[in-house]
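Inspection log for the structure reproduced underneath, given as structure tokens.
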2 protein chains.
Amino acid sequence: MVYIVLNFPSPLVGEGSGEGGEVMETISIGKVAKKLGINIETIRYYERRGLIKAPPRKESGYRQYPAETVKRIQFIRHAKELGFSLKEIAELLSLRIEQGVTCGDVRKRAEAKIADIEERILNLQRMKNALSKLAKECKGRGPVSECPILEALEK
Amino acid sequence: MVYIVLNFPSPLVGEGSGEGGEVMETISIGKVAKKLGINIETIRYYERRGLIKAPPRKESGYRQYPAETVKRIQFIRHAKELGFSLKEIAELLSLRIEQGVTCGDVRKRAEAKIADIEERILNLQRMKNALSKLAKECKGRGPVSECPILEALEK
DNA sequence: ATAAACCATGTACTTAGGTACAGAGTCAAG
DNA sequence: CTTGACTCTGTACCTAAGTACATGGTTTAT
């Protein structure tokens, strides 16, 4: 396959070795993957899903990621670990002023997310307390025969 | 199909209308599902996965759930909402003294879970702070053009 | 200049966590 | 005593979130 060849000097740097005259520091998809400990395919998947915008390419067609996008991918991963779905993460990432989005709307959505997160924190704290109690009881030799965390999240 | 018929009076009550002489209050799978707002199939799925033990049956083969199991299912659902996987939830539910499990082991596992949860709480708090800041900036009319939550979870 | 290592696209496969029937037996209300 | 609502087992299907090739161009280190 032949890739479209840009007929003007690319503003990308790439190659890591930071010589002078750079416009934007970028790294290859493989480097991003290694740096974040994820698969190359996952990064391309996020692009397909629209979670990150398509990065600029080299003349060869190779993706070259600017630092901003790398940070964005890292955010996605961390949020994922926290239990957010990709859909929720997309919502979080869209919380900013853009064309056709009012400030009030952003604030409203942010506040809804905050309430949601507070709820989760509360429940995690309940879970933590239940586990602490369990660990303590266990130290005290009491017979912990029932399932003691069941009460943790009762609302 | 013919189900195994128990040839002794069942100790179950069922049917909801609490007459005297009950040994264990139990409810049908449909009632459990409605009560918890989940599908019947999900409950059976949890049974197949070993997250809940197979409940006693009526002579007809119908499952009859004791309150304890209902609580357990509810716990699973809440923990799921918090972002725990079914595997993690199984681990949480197994945190108790049983045959062949030492108290020290349970304590160790509980403490590991606690550390894990604390980490999550911290990250959620970071996310919340970032969102609060975003909402505040938005109130103040500042141009929130960049993506301001990216910094939220940087470690 | 050539092999080893990368990367591109496209398509298929996987795993987790359910959901949705089909076909058949059971229960409860009129 | 029948009809509609439940439940059973088993199997197939579904969505989310990746993962794994196959095939073919690109880069780089020797």
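Residue numbering restarts at 1 for every chain, and letters A, B, ... go by the order of the sequence lines.
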*asked:* Holding to side chain to side chain donor-acceptor pair (under 3.5 Å), I want the full list of residues that pass it with A:Lys34, two or more places apart in sequence or in another chain.
replied: none
_Using the side chain to side chain donor-acceptor pair (under 3.5 Å) criterion, which residues pair with B:Lys133? Sequence neighbours excluded._
none
I need the [atom1]-[atom2] distance between [X] and [N], as an integer number of Å.
| X | N | atom1 | atom2 | value |
| --- | --- | --- | --- | --- |
| A:Gln64 | D:dT26 | CD | P | 15 Å |
| B:Glu59 | D:dC6 | CD | P | 21 Å |
| A:Leu36 | D:dG18 | CG | P | 13 Å |
| A:Leu82 | D:dA17 | CG | P | 15 Å |
| A:Ile73 | D:dA17 | CD1 | P | 16 Å |
| A:Arg63 | D:dG25 | CZ | C1' | 14 Å |
| A:Ile89 | D:dA17 | CD1 | P | 8 Å |
| B:Ile40 | D:dA5 | CD1 | C1' | 11 Å |

_Which residues share a side-chain contact (heavy atoms from CB on, under 4.5 Å) with A:Asn129, sequence neighbours left out_ = none
*With sequence neighbours excluded, what pairs up with B:Ser28 under the side-chain contact (heavy atoms from CB on, under 4.5 Å) test?*
B:Lys31, B:Gln64
Would you please confirm or rule out a distance under 4.0 Å between OP1 or OP2 of [N] and any side-chain N or O of [X]?
| X | N | result |
| --- | --- | --- |
| B:Ser60 | D:dT7 | no |
| B:Arg44 | D:dT9 | no |
| A:Arg57 | D:dT26 | no |

Please report, to 0.1 Å, the donor-acceptor pairs under 3.5 Å made by any side chain of residues 110-118 of chain A, with sequence neighbours excluded.
residue: A:Lys113; atom: NZ; partner: A:Glu91; partner atom: OE1; Å: 3.3
residue: A:Glu118; atom: OE2; partner: B:Lys128; partner atom: NZ; Å: 3.1

Name the pairs: protein N/O against N/O of nucleotides 15-19 of chain C, kept only if under 3.5 Å.
residue: C:dG17; atom: OP1; partner: B:Leu86; partner atom: N; Å: 2.9
residue: C:dG17; atom: OP2; partner: B:Arg49; partner atom: NH1; Å: 3.0
residue: C:dG18; atom: OP1; partner: B:Arg77; partner atom: NH2; Å: 2.6
residue: C:dG18; atom: OP2; partner: B:Tyr46; partner atom: OH; Å: 2.9
residue: C:dT19; atom: OP2; partner: B:Asn39; partner atom: ND2; Å: 3.1
residue: C:dT19; atom: OP2; partner: B:Thr42; partner atom: OG1; Å: 2.8

*Is the Lys NZ or Arg CZ of B:Arg120 less than 6.0 Å from the centre of B:Phe84's six-membered ring, within 45° of the axis?*
yes
*Distance-only donor-acceptor test, B:Tyr62 side-chain atoms vs D:dC8 base atoms, 3.5 Å*: no
*Supply the atom-to-atom distance B:Lys136 NZ to A:Arg107 CZ, rounded to the nearest 0.5 angstrom.*
13.0 Å
